[in-house]
Structures are given as structure tokens and as C-alpha cells.
Number of protein chains: 2
Amino acid sequence: MPHPLLDRVATYITLAENEAQEFLQAFTENQVAKGEYLLQPGKVCQHIHFIAEGLVRHYHADEAGQEITCDFTPEGRFLTDLMSLRSGEPSQYAFIALESTHYYSIPRGPLEQLYAKYPAMETMGRQITEETALRISHQAQAFITQKAEDRYRNFVRQQPELVQRVPQKYVAAYLGIKPESLSRIRKQMMDAEKP
Amino acid sequence: MPHPLLDRVATYITLAENEAQEFLQAFTENQVAKGEYLLQPGKVCQHIHFIAEGLVRHYHADEAGQEITCDFTPEGRFLTDLMSLRSGEPSQYAFIALESTHYYSIPRGPLEQLYAKYPAMETMGRQITEETALRISHQAQAFITQKAEDRYRNFVRQQPELVQRVPQKYVAAYLGIKPESLSRIRKQMMDAEKP
DNA sequence: GCACGATCTTAACAATTGTCATCGTCCTTT
DNA sequence: AAAGGACGATGACAATTGTTAAGATCGTGC
């Protein structure tokens, strides 16, 4: 029987039926409504989550207490704060649902046990971490080399669904600009399209 | 006998003497002069490097063919392009020595063999990858939330040695601004200090 | 030592983005 | 239906950074 989490795992490694069951059983199944937290601000991140359905916004509060949206996780991707997970200290981030979200969670301890028992799973974990690092790295590149309009164009091109699903003020925060600036950029793009 | 690479490994895992020797023997020892490449542009990255002494600049060429400095690796840190290493495709990056650099390199194959033989080494590899991801993530955060002057202040505070060792035009590129802008920012900071 | 090129500084002006204030729309709640 | 609030659009002005050009300084090689 198909399962979104096992489908994703299958893209990395092949598990025997009993291994797949043991893997799944280490996870809990959860559901949050729009506006509810997967990780509350100031709490310790103790799980790795897999988003089966829905959309999550990552943010953190800077020194001035401002919310800074830094990423979105839609269905099909993993989600955690590696720093907090490893150190056990409170996370600097919060995860909040932009849509009703269905997800699976595994605590660090059981995950480490699976890693120890099945080295292939650790290999998978390392690959997922690497991919996350690459995603973040690519985003950082974009910030260094591109101006806001180019970042927005690329965001629209690379994740067109998200443009529809994410309120513009969060898109603006993700792009590192103010909502007014995003409005201005969108207008310029509209004007340029239809002279 | 102390060895910079084993010293670094010892901060993650404890190796038996024979394991340490097997680990070391999988590496080759290398030396490049200032201005020489550890990874030439357009080549496949086939190794993970450990910088024992020296300083390396990472850059990549964007669509317009411009060099974009994205990071520096001083002595004591690991260095690779995970994307190219994993895919076997040409790297989008180049690594070039800013100073005479002494380093150790291990190809992907032997590393994977070590991972398979000693799961603790894979654990270490995963941790190093996570740390790299966190470093990059933190840098991306800084770009989203801070203006250029703040990014420069933090760079000076966090890596004061590098400010001395890296030519300013590369610092500017790393900060995502033009050399002229960095000059202006430095002047403003000097003026503010000594009125 | 000298000359050359690379690097850094400085200044004026242009482009981009931020800030502030206002307005309209849509949605929710009553 | 009315009131209120969140969201987005718009415009004027300020702050930041880019662009261009010129000159100063430094190091390197001849």
C-alpha cells in the first residue's frame, strides 16, 4: 500500500517490507490546522517531521523581535531544526502551518537507533541533509548575486504553486524585501508585459 | 604524534590507533601556491579536502560570466562541492588558494568505503555536513535580515583573522556588495569611531 | 630602483529598496 | 447588512547600494 513517507524514502534506499514497517512505526502521525504551530517559538525542536499534506512557514525572531520568514516546506519534504535537534537547546525558529497540514514525526532518539541499526538509513539521512544544505546554499547564492526582482522571478519559476498558496507578505519576507517593494516589483512586471 | 586532520576528527569521534592510521592513509597530502587551484572551474569535484594550513576562496561564475566569491575556507575546515561530488557532474564552483595552502584529500570512493566499514565515520560525515548546512543557513539569514554594513560588522566580529588575510574586493563579493560600497562603509565606520 | 598593474579610496550621480501614509478590497464577525 | 481588521496597492520621499570615473597607494616583477 502506498504511503507518502515510504514513497519518499524509496527514492533514496530500498527497504525490505519489515524494515519499512519498523521505520514507519517509529513515526507518529499528526495534524494541525492553519495557523497552528508544528514548533512553537522558543521550544526545543525534538523531531524530524515529514510533511505529507499541507504547507509550513519557517520564521525566526531577530534581535528587534521581528518575525523573519526564512523558508516554506510543502508536502513531500522533511522539516527540522538541526541545530536545536542536535544541541537540545531552544530553537531560534518556529514552524507554523499556512494550510491545514498532515505530517509524520520521529524523535531524535528513535531516529539515531534506526541509523545505528540500518546504516543505509543513516546514508539516506546524510543525503537529505546534504540536499537541504544545497537548497539553502543556492538560496544564499541568489541573495548575493541577484536583485529583488530577479529573486522573485526565479521564485515564481521554480515554485509556481507556492506563489499561489503563500500570502504575499510572506513571499516578500522570504525574498528579503518589504511587502510594498514586492507590490512595486509585481506592478513593474505587469506593466512590462502589457504595454 | 599530533596531526591536524586527526585532531579535527578527534573532536567528533574517537578512533583506535589502527583506525586512525587507516583513515589517514586514505588521504593524499598536497600543497598549492597562492593563486593555484584546488578545484579548477568546470572540473568535477572528486575529493573532500581538509585544509591543514592556508586559505581558500570559493567562487562560481554566474550567467554573465562574472566571478562570485561565495565563501572562504581557512585551516582546520573541510572543503568540497557536495553537488558535484555526488552527481559526478562538473562543479559550478572553483576553489583557489589565497595563500600557500597545505591540505589533505580523500576521493569519494575510499570515503564511502570508510563510511561502510566504520559507521562512526559516517556519523561524523553527517555531522560535518550538518554544520556546513548551518553555516550556510546562517549566512543566508544574515543576507535576508541585515543591510551591508551590519553584515560587514558581523563578519569582522566573527572572523577577524579573515578580514586581515582576504583582499577587500573578495570580502565585498562575499558580503554581496561592490568594493566601492565596502570602502564607503568602512569610511563611515571610521568616521563614526573618531569624531 | 623603477615601472607597471592591481587594489583601494573618493566623489557625483543613478538605480534600487525602505519608510510612511493613505486608500480600497476582501473576509470575518457580529 | 454593518463594522472591523487583515491584506494588498499606490505614491512621495528617504536611505542604501550600484555605476562610473578619477586619483592614490601598494606590491610585484623587471
Side-chain angles (χ1 to χ4, degrees), chain A residues 33-36 55 57 59 62-69 72 96-100 140 142-156 162-194, chain B residues 33-36 55 57 59 62-69 72 96-100 140 142-156 162-194:
Chain A
K34 174 178 174 176
E36 290 182 346
L55 180 58
R57 177 172 71 95
Y59 72 84
D62 67 1
E63 313 79 36
Q66 294 290 337
E67 267 190 26
I68 312 283
T69 292
F72 307 106
I96 190 167
L98 281 176
E99 303 172 354
S100 175
F143 268 87
I144 295 176
T145 62
Q146 298 169 356
K147 59 183 181 179
E149 178 176 340
D150 295 332
R151 299 202 292 274
Y152 178 63
R153 285 183 188 280
N154 284 332
F155 179 69
V156 171
L162 290 190
V163 180
Q164 309 303 325
R165 293 164 67 183
V166 176
Q168 291 200 12
K169 64 172 184 170
Y170 297 133
V171 174
Y174 174 74
L175 296 174
I177 58 179
K178 300 295 166 185
E180 297 92 333
S181 296
L182 179 55
S183 241
R184 181 166 41 200
I185 287 169
R186 284 166 52 85
K187 182 183 180 181
Q188 286 170 359
M189 289 171 59
M190 299 286 284
D191 290 353
E193 245 175 40
K194 282 188 155 195
Chain B
K34 174 179 175 175
E36 291 182 345
L55 180 57
R57 178 172 71 96
Y59 72 84
D62 67 1
E63 312 80 36
Q66 293 290 338
E67 268 190 25
I68 312 284
T69 292
F72 308 105
I96 189 166
L98 281 175
E99 303 172 354
S100 175
F143 269 88
I144 294 175
T145 61
Q146 298 169 353
K147 59 183 181 179
E149 178 176 339
D150 295 332
R151 299 201 293 274
Y152 178 64
R153 285 183 188 281
N154 284 332
F155 179 69
V156 171
L162 289 191
V163 180
Q164 309 302 325
R165 293 163 68 182
V166 177
Q168 292 201 10
K169 64 171 185 170
Y170 297 133
V171 174
Y174 174 74
L175 296 174
I177 57 178
K178 300 295 166 185
E180 297 90 335
S181 296
L182 179 55
S183 243
R184 180 166 39 201
I185 287 169
R186 284 167 51 86
K187 182 182 179 179
Q188 287 170 358
M189 288 171 59
M190 297 286 284
D191 291 354
E193 245 175 41
K194 281 188 158 196

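Not measured: the values here are computed from a predicted model. Residue numbers start from 1 in every chain, and the chains themselves are labelled A, B, ... in the order their sequence lines are given, proteins ahead of strands.
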* Is the closest side-chain heavy-atom distance between R184(A) and Q188(A) below 4.5 Å? -> yes

* To do: Give the minimum heavy-atom separation between A97(A) and A33(A), together with the two atoms involved.
  => CB-O, 3.6 Å

Distances for protein N/O vs nucleotides 18-24 of chain D N/O pairs under 3.5 angstrom?
unit_1, atom_1, unit_2, atom_2, d
dG18(D), OP2, K178(B), N, 3.2
dG18(D), OP2, S181(B), OG, 2.7
dG18(D), N7, R184(B), NH2, 3.0
dG18(D), O6, R184(B), NH1, 3.0

* Inspect the contact between E149(B) and R153(B) and indicate whether a charged nitrogen and a carboxylate oxygen are less than 4.0 angstrom apart. => yes

* **Heavy-atom closest contact (Q168(A) atom, L182(A) atom, distance)** => O-CD2, 3.6 Å

* Asked: Taking CD1 from I185(A) and P from dG11(D), how many angstroms apart are they, rounded to a whole number?
  -> 16 Å

* Earliest and latest nucleotide of DNA chain C, 5' to 3', sitting under 4.0 Å from a non-hydrogen atom of chain A? -> dT16(C) to dC20(C)

* **Sugar-phosphate, base or nothing in reach of P167(A), heavy atoms under 4.0 Å** => sugar-phosphate

* Asked: What are the two closest non-hydrogen atoms of V171(B) and F72(B), and how far apart are they?
  -> N-CZ, 4.3 Å

* Should the pair R57(A) and Y170(A) be classed as cation-pi, given the thresholds of under 6.0 Å to the six-membered ring centre and 45° from the axis? -> yes

* To do: Work out which heavy atom in G35(B) is nearest to a heavy atom in I96(B); give both atom names and the distance.
  => O-CD1, 3.5 Å

* To do: Over all heavy atoms of both residues, which pair between R151(B) and Q146(B) is shortest? Give the atoms and the distance, please.
  => NH1-O, 2.9 Å

* Measure from NZ on K187(A) to C1' on dA12(D) and round the result to the nearest Å. => 13 Å

* Structure fact -> Interatomic distance, CG@D150(A) vs CG@L175(A), rounded to 0.5 Å, equals 11.0 Å

* Asked: Within a strict 4.5 Å, meaning less than it, do heavy atoms of the F155(A) and L162(A) side chains meet?
  -> yes

* Asked: In degrees, rounded to 10°, what is the bend between the two ends of the helix from dG1(C)-dC30(D) to dT30(C)-dA1(D), using five pairs at each?
  -> 40°

* **Closest-nucleotide 5' rank along DNA chain D - winner of K34(B) and P179(A)** => P179(A)

* **Distance-only donor-acceptor check, side chains R186(A) and S183(A), under 3.5 Å** => no

* To do: Using heavy atoms to find the nearest nucleotide of DNA chain C for A148(A) and Q168(B) separately, return the residue whose nucleotide is more 5′.
  => Q168(B)

